[in-house]
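Nothing here was measured: the structure is a model prediction, and the numbers come from that model. Proteins come first, then strands; the chains are lettered A, B, ... in the order of their sequence lines, and each starts at number 1.
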Number of protein chains: 2
Amino acid sequence: MVTVGEAMESRIERLCIDRGLKMTGQRRVIARVLSDAEDHPDVEELYRRATALDSRISVATVYRTVRLLEEKGILERRDFGGGRARYEATEHGHHYHLIDIDTGKVIEFEDAEHEHLMRQIAVRLGFDLVSHRMELFGRRRSEVAGAPRTASSAPPADEPIDGGGKSR
Amino acid sequence: MVTVGEAMESRIERLCIDRGLKMTGQRRVIARVLSDAEDHPDVEELYRRATALDSRISVATVYRTVRLLEEKGILERRDFGGGRARYEATEHGHHYHLIDIDTGKVIEFEDAEHEHLMRQIAVRLGFDLVSHRMELFGRRRSEVAGAPRTASSAPPADEPIDGGGKSR
DNA sequence: ATAGGTGCAAAGCATTTGCCGCGGT
DNA sequence: ACCGCGGCAAATGCTTTGCACCTAT
């Protein structure tokens with residue numbers, strides 16, 4: 001029988017080790033926080049969650065770690081408007097984001113065709129597509145207009161951003 | 001016979017007047033710079049061009065004006081990576097941008113279908129699409145592989161970004 | 001042992017803002 | 001005349017960094 005939870009090496013810690021990164025206590029904690037995150041936290045939020053597990057961590061370290069992991073391709077930086085960078089682990093194939101402009105919640109979705117299309121456009125312009133980004137900003141539909149949608153009319157969302165500041 | 005060039009009211013000045021904005025000397029200059037711009041300048045660049053026409057302008061005013069015009073829907077803010085906001089006049093229907101990651105040059109292109117597609121996706125997720133953004137980052141193709149393209153193999157580009165700083 | 005990591009506080013950058021005199025309408 | 005505008009410099013907010021100490025490897 002093996003102890004589960006906090007004791008086990010996190011997915012991201014594994015990736016760090018694989019790339020030969022020195023694993024310090026704070027990196028282990030940050031790696032865990034990132035591995036457990038199911039949303040798109042910004043540095044402040046990561047710092048909050050990390051210090052909750054081990055208070056011997058400074059924001060500077062979170063910034064440094066997050067930058068390092070991004071350079072190593074373990075993390076991806078996102079900009080959903082609001083001035084702060086948000087992070088998510090690189091993994092489960094490309095997906096895109098739709099941001100609820102009223103609540104700040106982020107919905108992920110896939111669009112297999114999209115990347116292919118973008119690649120074609122780039123080629124047509126004489127370029128090889130290296131990367132691309134796309135974000136949708138929307139407002140939840142007031143389901144006044146009859147048309148009943150397939151499933152529950154409240155699609156899964158994730159984290160709120162900020163109470164009500166404008167984007168900049 | 002009418003004097004042309006600097007003396008005439010610029011396109012953006014017209015828009016400002018139409019929306020009842022008070023037209024000061026500095027706004028007139030900034031409006032002209034924006035009207036004449038065929039690229040996507042950042043605030044620093046706008047400031048440079050504006051002071052070249054009339055030195056009695058401060059960066060603060062450029063920031064204030066650019067923000068005001070964005071709120072009025074006359075300008076659109078862009079983020080091509082690099083930490084500074086870039087601006088372009090709202091006009092000639094939606095188009096997208098492809099950024100040459102080696103030179104920083106920006107190529108504009110259209111994709112009529114795209115917006116429609118994004119709108120559909122949003123609806124499928126239970127949202128009304130309010131806005132969306134998309135940028136492609138690419139590298140000019142080394143035209144080794146035979147396939148001759150239609151026209152000149154050097155598509156039109158515009159402005160360089162910055163000599164060689166990393167995106168952040 | 002030793003290259004690299006960390007905390008702390010100061011520095012950096014792009015952008016915003018308070019204050020107050022000045023200029024459009 | 002009046003309200004908004006612009007200059008200046010200080011303030012902000014996120015992120016980076018210099019320095020001296022500490023710790024994985």
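In this structure, B:R19 atom CZ and C:dG24 atom C1' are separated by 20 Å, rounded to whole Å. Put simply, CD on B:E71 is 12 Å from C1' on C:dT16, counting in whole angstrom units. Atom CG of B:D42 is separated from atom P of C:dC13 by 15 Å (rounded to the nearest Å). Counting to the nearest Å, the P atom of D:dG4 and the CG atom of B:L68 are 13 Å from each other. The distance between atom CD of A:E45 and atom C1' of D:dG13, rounded to the nearest whole Å, is 18 Å. Atom CZ of B:R56 is separated from atom P of D:dC5 by 18 Å (rounded to the nearest Å). One interatomic measurement links the two molecules: CG of B:L46 to P of C:dA14, which rounds to 14 Å at whole-angstrom precision. Here the P atom of nucleotide C:dA14 and the CZ atom of B:R67 are 17 Å apart, to the nearest Å.
With respect to B:E13, the side chain to side chain donor-acceptor pair (under 3.5 Å) criterion is satisfied by exactly one of B:R28, B:R32, B:R27: B:R28. Paired with B:R139 under the rule side chain to side chain donor-acceptor pair (under 3.5 Å), one option of B:T103, B:D102, B:D100 passes, and it is B:D102.
Both B:L117 and A:I107 belong to a common hydrophobic cluster when Ile, Leu, Val, Met, Phe, Trp and Tyr are linked at side-chain heavy-atom distances under 4.5 angstrom. B:L69 and B:L53 fall within a single hydrophobic cluster, where Ile, Leu, Val, Met, Phe, Trp and Tyr are joined by side-chain heavy atoms under 4.5 Å apart, directly or via other members. A:M23 and A:I74 are not part of a single hydrophobic cluster, where members link through side-chain heavy atoms under 4.5 Å apart.
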Heteroatom pairs (N/O) under 3.5 angstrom, protein to nucleotides 8-11 of chain D:
unit_1	atom_1	unit_2	atom_2	d
D:dC8	N4	B:R64	NH2	3.4

So which protein nitrogen or oxygen atoms get under 3.5 Å of nucleotides 20-25 of chain D's nitrogens or oxygens?
unit_1	atom_1	unit_2	atom_2	d
D:dT25	OP1	A:M23	N	3.4

Do A:H114 and A:H132 pass the side-chain contact (heavy atoms from CB on, under 4.5 Å) test, and can you show the C-alpha distance, the side-chain angles, and the key distance before you say yes or no?
CA-CA 10 Å; A:H114 190 76; A:H132 69 291; 3.9 Å; yes
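You'll find that the side chain of B:A85 is closest to C:dT15, out of C:dT16, C:dT15, D:dT16. Relative to the side chain of B:R27, the nucleotides D:dG6, C:dT6, D:dT16 differ in distance, and D:dG6 lies closest.
Distances shorter than 4.0 Å separate some side-chain N or O of B:Y63 from OP1 or OP2 on C:dT15.
Summarising the geometry of B:G73 relative to B:T90, their closest heavy-atom pair is O-OG1, 3.1 Å, with the distance given to 0.1 Å.
From B:H116, atom NE2 reaches atom CD1 of B:I121 across 11.0 Å, with rounding to the nearest 0.5 Å.
A residue-by-residue look at B:Q26 and A:Y87 shows that B:Q26 has its nearest nucleotide of DNA chain D further toward the 5' end.
Under the side-chain hydrogen bond (donor to acceptor under 3.5 Å, both in side chains) criterion, A:H95 pairs with A:E88, A:H97, A:E108, not counting sequence neighbours.
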